[in-house]
Amino acid sequence: PDLPNVAVAIELAKTEEARRLIQIGIHDQSAILRPFALPPATPKSIVNVMRQGFQATMKDAQFLAEMEKSKLGVDPVPGEEIEGIVRKISKLEPALAAKLRDILGIKK
């Protein structure tokens, strides 16, 4: 949004595979860059309470004032969205995952 006249890489991708690699390797990864996580098998009721508390904090006037004073941006990604991204990445086809690892220089 800060650069409305600048092309976005995903829009310049020439193939569906390239779009998927950009989506997963850049967009999805940046969306989950600094997640807050709970241990596996945490009861859904506790997960929901934590998510609600986090979202409430992200809208709290005093918190937002402190963030502005500190010159820190606040653009949270809802837990449900992060969960969906992680689920999608974990189910990535092996060939596409291998190609992404190769592009990112990640050795298996």
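Counting from 1, the numbers follow the sequence of the chain as shown.
When hydrophobic clusters are built by joining Ile, Leu, Val, Met, Phe, Trp and Tyr residues whose side-chain heavy atoms come closer than 4.5 Å, directly or via intermediates, I106 is grouped together with I103. Taking hydrophobic clusters as Ile, Leu, Val, Met, Phe, Trp and Tyr residues chained together by side-chain heavy-atom distances below 4.5 Å, V47 does not share a cluster with V86. Note on I32: it clusters hydrophobically with L21, by side-chain heavy-atom contacts below 4.5 Å among ILVMFWY residues.
The shortest distance between side-chain heavy atoms of I46 and P43 falls below 4.5 Å.
Sequence neighbours left out, the pairs with a member in residues 24-41 that pass side-chain hydrogen bond (donor to acceptor under 3.5 Å, both in side chains) are Q23-D28, D28-K88.
Shortest non-hydrogen contact noted between L92 and A97 is CD2-CA, 3.7 Å.
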In sequence, state the C-alpha distance, the side-chain angles, and the governing distance for E17 and K99, and then conclude on side-chain contact (heavy atoms from CB on, under 4.5 Å). CA-CA 10 Å; E17 179 183 66; K99 191 167 205 165; 2.9 Å; yes
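The structure places CD1 of I24 at 5.5 Å from CG of L96, a figure rounded to the nearest 0.5 Å. With rounding to the nearest 0.5 Å, the separation of CD1 in I10 from CD1 in I26 is 8.0 Å. Rounding to the nearest 0.5 Å gives a distance of 4.0 Å between CD of E93 and CZ of R20.
Side-chain atoms of R19 come within 3.5 Å of backbone atoms of A13 as a donor-acceptor pair (strictly under, hydrogens ignored).
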Between side-chain atoms of residues 71-85 and protein atoms elsewhere (two or more places apart, or another chain), which donor-acceptor pairs fall under 3.5 Å?
{"from": "E83", "atom 1": "OE1", "to": "R51", "atom 2": "NH1", "distance (Å)": "3.4"}
{"from": "E83", "atom 1": "OE1", "to": "R51", "atom 2": "NH2", "distance (Å)": "2.7"}
{"from": "E83", "atom 1": "OE2", "to": "R87", "atom 2": "NH2", "distance (Å)": "2.9"}

Would you give me the side-chain donor-acceptor pairs under 3.5 Å for residues 52-66, sequence neighbours excluded?
{"from": "T57", "atom 1": "OG1", "to": "G53", "atom 2": "O", "distance (Å)": "2.9"}
{"from": "D60", "atom 1": "OD2", "to": "Q62", "atom 2": "N", "distance (Å)": "3.1"}
{"from": "D60", "atom 1": "OD2", "to": "F63", "atom 2": "N", "distance (Å)": "2.8"}

